[in-house]
Amino acid sequence: MSGGVDSSVAAALLLKEGYEVIGLTMRLWDDKVAEGECSAVADAKAVCDKLGIEHIVADFRESFRENVIEYFVSEYQNGRTPNPCIVCNKFLKFDEMLKCAESLGADYIATGHYAKIEYNEELGRYLLKNAESAQKDQTYVLYSLTQNQLSKTLMPLGGLESKDETRKIAEELGLLTAHKSDSMEICFIPDQDYAAFIEKHTGTVMPEGEFVDAEGNVLGRHKGIIHYTIGQRKGLGVTFGKPMFVTKINPETNEVVLGEKGTEFSKELLADKLNFISIEELTEPISVLAKVRYSAKPAKATVSPMSDGTAKVEFDEPQRAVTPGQAVVFYELCGNGVVGGGIIR
């Protein structure tokens, strides 16, 4: 229980269905960033008290630091743009938290994610299906779940039609989280200044470098590669008299490559760290709908296995800002479920 409305209502719905429920909140922060977390813990406890269930706070700070924060910092330093929520889901919420729940004698963990989990007897596999609310669907950040994790997870909000419905349930139950605003962006960086966080965390100021074009011609100076991401146009700190976009980041040379409008689009990518849900493994090319970021529209693509264990994704139409470090998630071409996904190289 994060102290938000979604996990609050998830607990309430499970109680209504007859489950024995325990509220479990993960402690992730060190003292200097704990103020917001303390408030969230207090809200989670208040909801548990209102629902009449036990509330437990589990200390996952070390695992969070190792698996999420260090990964986040390293990826930016290497010119990539990570998605820490996906990594947190993989290593914390559906691994560490599941182990903790099992140690308490629980049969399942449940979260406030908007998605559905179904078992398909014909396939003999657990499937991850889109939520009823397309606007709130969170399957993109859940593609890395294993069959074991899916078999032990409940997502009671997947059948709700909107966030308004969630808030209405919370309001009817008198939960103090009913109108609490959604948490946005990266939870461990409250001011969303990623570069400042990275420099403070590492004790190192990233060196300035050069903006160059695709041919290597110098266009200007940049303030450090951690300040930029693929597809970025605003905030470059240099004007060119025409729109210019970040098309590549080279940590080896400390260069940020810029291109004119249109160069920010790509028709193919390579993905590694693959995980598949509706199939055991990728053995031949398949047609899918693929998303290269959480907010992207699914686009038709062909996914092919490569000899080195990666996958090549070829889109029917070029996609904007295909960004190394982000996830590409594959969806059924004629369905509403996740096939699998991986990390863009």
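We use all heavy atoms of the structure for the numbers below, so side chains are in, but hydrogens, waters and symmetry mates are not. The residues of the chain are indexed from 1 along the displayed sequence.
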Task: Partner of Tyr114 by side chain to side chain donor-acceptor pair (under 3.5 Å), out of Thr166, Thr139, Asp137 - done: Thr166
- [ ] Mark yes or no for whether Asn120, through its side chain, and Leu127, through its backbone, hold a donor-acceptor pair below 3.5 Å.
- [x] no
Open item on the list: In the structure I gave you, are the side-chain heavy atoms of Asn254 and His222 within less than 4.5 Å of one another anywhere?
Closed with: yes
TODO: Could you check Val339 against Ile279 for side chain to side chain contact (heavy atoms under 4.5 Å, CB included), going step by step and ending with a plain yes or no?
DONE: CA-CA 7 Å; Val339 176; Ile279 59 177; 4.2 Å; yes
- [ ] Would you please indicate if the ring centroids of Phe94 and His113 are separated by under 6.0 Å?
- [x] yes
Open item on the list: Under 6.0 Å from the ring centre and within 45 degrees of the ring axis: does the NZ or CZ of Lys291 meet both conditions for the six-membered ring of Tyr294?
Closed with: yes
Open item on the list: Checking the side chain of Tyr140 only, and the main-chain atoms of Ala327 only, is there a donor and an acceptor separated by less than 3.5 Å?
Closed with: yes
Task: Heavy-atom closest pair, residues Val303 and Ala311 - done: CG1-CB, 3.9 Å
Task: Heavy atoms from other residues, nucleotides or ligands near CD of Glu102 exceed 12 (cutoff 6.0 Å) - done: yes
Open item on the list: Determine whether the aromatic ring centres of residues Tyr76 and Phe197 are separated by less than 6.0 angstrom.
Closed with: no
Open item on the list: When you compare the side chain of Lys116 with that of Glu132, does any pair of heavy atoms fall below 4.5 Å?
Closed with: yes
Open item on the list: Check for me whether the distance between the ring centres of Phe72 and Phe188 falls short of 6.0 Å.
Closed with: yes
Task: Sub-4.5 Å side-chain heavy-atom contact between Thr323 and Ile344 - done: no
- [ ] Give the minimum heavy-atom separation between Tyr71 and Pro82, together with the two atoms involved.
- [x] CE2-CB, 3.6 Å
Task: Residue among Ile277, Val338, Leu289, Val288 satisfying side chain to side chain contact (heavy atoms under 4.5 Å, CB included) with Phe330 - done: Val288
Open item on the list: Whether Asp193 and Lys200 form a salt bridge (side-chain N of Lys/Arg under 4.0 Å from carboxylate O of Asp/Glu) is what I want to check.
Closed with: no
TODO: List the steps and the verdict of side chain to side chain contact (heavy atoms under 4.5 Å, CB included) for Leu142 and Asn89.
DONE: CA-CA 7 Å; Leu142 299 169; Asn89 284 335; 3.9 Å; yes
- [ ] State whether the side chain of Thr177 and the backbone N or O of Leu175 hold a donor-acceptor pair below 3.5 Å, judged by distance alone.
- [x] no
Open item on the list: In the structure I gave you, are the side-chain heavy atoms of Val238 and Arg221 within less than 4.5 Å of one another anywhere?
Closed with: no
